[in-house]
Number of protein chains: 2
Amino acid sequence: MTIKVLIADDHQIMREGLRAMLEKEHDIKVLGEAEDGRMIQRMTQELLPDVIIMDVAMPDLNGIEATRQIVAELPGVKIIALSMHDDRRFVLNMLKAGAAGYMLKDCAFKDLAKAIRVVMSHKTYLSHEVADIVVQGYLSSTDPKDPSAFQLLSPREREVLQLLAEGQTSAKIADKLHISVKTVETHRQKIMDKLKTRNIAELTKYAIREGLTST
Amino acid sequence: MTIKVLIADDHQIMREGLRAMLEKEHDIKVLGEAEDGRMIQRMTQELLPDVIIMDVAMPDLNGIEATRQIVAELPGVKIIALSMHDDRRFVLNMLKAGAAGYMLKDCAFKDLAKAIRVVMSHKTYLSHEVADIVVQGYLSSTDPKDPSAFQLLSPREREVLQLLAEGQTSAKIADKLHISVKTVETHRQKIMDKLKTRNIAELTKYAIREGLTST
DNA sequence: CTTACAATGGGGAGAACTCCTGATATGCGG
DNA sequence: CCGCATATCAGGAGTTCTCCCCATTGTAAG
């Protein structure tokens, strides 16, 4: 029995590459390709695939939203997220939306082929890079809320992070916030623990992604 | 006569997809794949390809820097940039670095195959989305513009800056570049003098603005 | 040939960061 | 009331960064 697959990615060369590789598998048939979330939604209703390979970041309607809507309508369709990012927000939100698998784009194709067969047997497949992210996400999900990585930080921690990312030293931050240098360092340490960063460069990039500061 | 091709991209599934498609072309042979700029540089010296398909954004040594260095050593090698971004800085800097073509990742594979054959005949190939960017870049280059990182910093300094902005310590950078920590610190000091920055956070932001690294 | 700059390497000093270990107080929810 | 998160503060150790000083080599421009 052949597995019917749809591909959703906003980059045509990526779609064609995936198709070229998938077509080497005898038991897999690629029904079509979509370049955004809205398009994959329509195609899914028409073509009823078994599996969708879904990019997370797409224009118009992103992969997370598309997944949520498709799973709500057609629970039988298995969706495998294929993403460049191992950002925990993407991973956790995608799984919460109902994805049956999450692969990074730097995985091997054979892993993807394997993932397709795994999700077909109603199991979840995660590439090993994201596995521990999910575990930690599960462990820290004592509350049913939306714990975006940003909300991981307390207001004070976000305040400190912003000043750090603006290039201020701990001493200056302490001065500005009227607290001791040691307190600033404690905040910084907690921030780095939570974000799993190890230095100012990574903290700065995180702050930029979260809009706490600009380039 | 077959065209010998190397692939440089930090995502394995992208590399495999490109390889799968390229191998369908009778006159093209894929010699190998690299996952960062440093690796493609070494492989180019060993394998002497005709064409390199080069991702612009790669860790460690980005595609622009790698292109600059490869073109300097081996002017005969044709490099086609393959990027997600139509950001003018990427396009213009890549071409300035000596790339013979610039394609967006949402182009069709047949365009890429065509680009390979065009650059083999010593011509430049641009996917149409970036063509007008280049024209406008040319027009605005008649007036003296603000000094970007590429004129202000030396190649080695840009290399060090990228690694700093990726969160690496001086010791690790020294190790990676096979130079002493003191040399790295000298480079860093010169970079900070030139850019008038005082810390890693500001350096990181500068590197992001200039496209040396991404968030 | 001189001048300038890039790239390499080094010594030393103080500041800043990173990573531990603690502690106290407050407020909120079960 | 208890547990938990937040916010505050501290000591110490080790690493890293920042900023001075300096040098040699090679190369490109004038």
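All chains are named by letter (A, B, ...) in the order of the sequence lines, taking the proteins before the strands, and each is independently numbered beginning at 1. Values in this document were obtained by computation on a predicted structure and should not be read as measured data.
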Rounded distance (Å) that lies between atom [atom2] of [N] and atom [atom1] of [X]:
X        : N      : atom1 : atom2 : value
B:Glu185 : D:dT16 : CD    : P     : 11 Å
A:Arg198 : C:dC19 : CZ    : C1'   : 11 Å
B:Asn199 : D:dC19 : CG    : P     : 8 Å
A:Leu161 : D:dA7  : CG    : P     : 13 Å
A:Leu163 : C:dA16 : CG    : P     : 15 Å
B:Arg188 : C:dA16 : CZ    : P     : 15 Å
A:Glu157 : D:dT8  : CD    : C1'   : 13 Å
A:Lys194 : D:dC4  : NZ    : P     : 15 Å

Are [X] and [Y] close enough for a salt bridge, meaning some N to O gap below 4.0 Å?
X        : Y        : result
B:Glu159 : B:Arg38  : yes
A:Glu185 : A:Arg188 : no
B:Glu202 : B:Lys205 : no

> Run the side-chain contact (heavy atoms from CB on, under 4.5 Å) check on B:Ile40 and B:Leu61 step by step: do they pass?
Replying inline: CA-CA 10 Å; B:Ile40 189 66; B:Leu61 184 67; over 6 Å; no
> Has the side chain of B:Asp50 got a donor or acceptor atom that lies under 3.5 Å from a matching backbone atom of B:Ile3?
Replying inline: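 It does not hold such a pair.
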>> Is it the case that the side chain of B:Lys194 and the backbone of B:Leu152 share a donor-acceptor pair, with hydrogens and angles ignored and the cut-off at 3.5 Å?
In response: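 A pair under 3.5 Å: yes.
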> The side chain of A:Ile200 lies closest to which of these nucleotides: D:dT8, C:dA6, C:dC17?
Replying inline: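 Nearest nucleotide to the side chain: C:dC17.
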>> At less than 4.0 Å, is any side-chain N or O atom of B:Gln189 found next to OP1 or OP2 of D:dT18? Yes or no.
In response: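 For B:Gln189, the contact criterion (side-chain N or O under 4.0 Å from OP1 or OP2 of D:dT18) is not met.
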> OP1 or OP2 of C:dT8 sitting under 4.0 Å from any side-chain N/O of B:Arg156?
Replying inline: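 It does, given that an N or O in the side chain of B:Arg156 lies less than 4.0 Å from OP1 or OP2 of C:dT8.
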>> Would you say A:Glu166 and A:Gln162 are linked by a side-chain donor-acceptor pair, where the criterion is simply a distance under 3.5 Å?
In response: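 Yes.
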> For B:Ala201 and B:Thr186, take the nucleotide of DNA chain D holding the closest heavy atom to each; which residue's nucleotide lies nearer the 5' end?
Replying inline: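 Comparing both residues, the 5'-ward one is B:Ala201.
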> Counting only non-hydrogen atoms, which of residues 168-184 of chain A are less than 4.0 Å from DNA chain D?
Replying inline: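 Within this stretch, A:Ile179, A:Ser180, A:Lys182, A:Thr183 sit under 4.0 Å of the strand.
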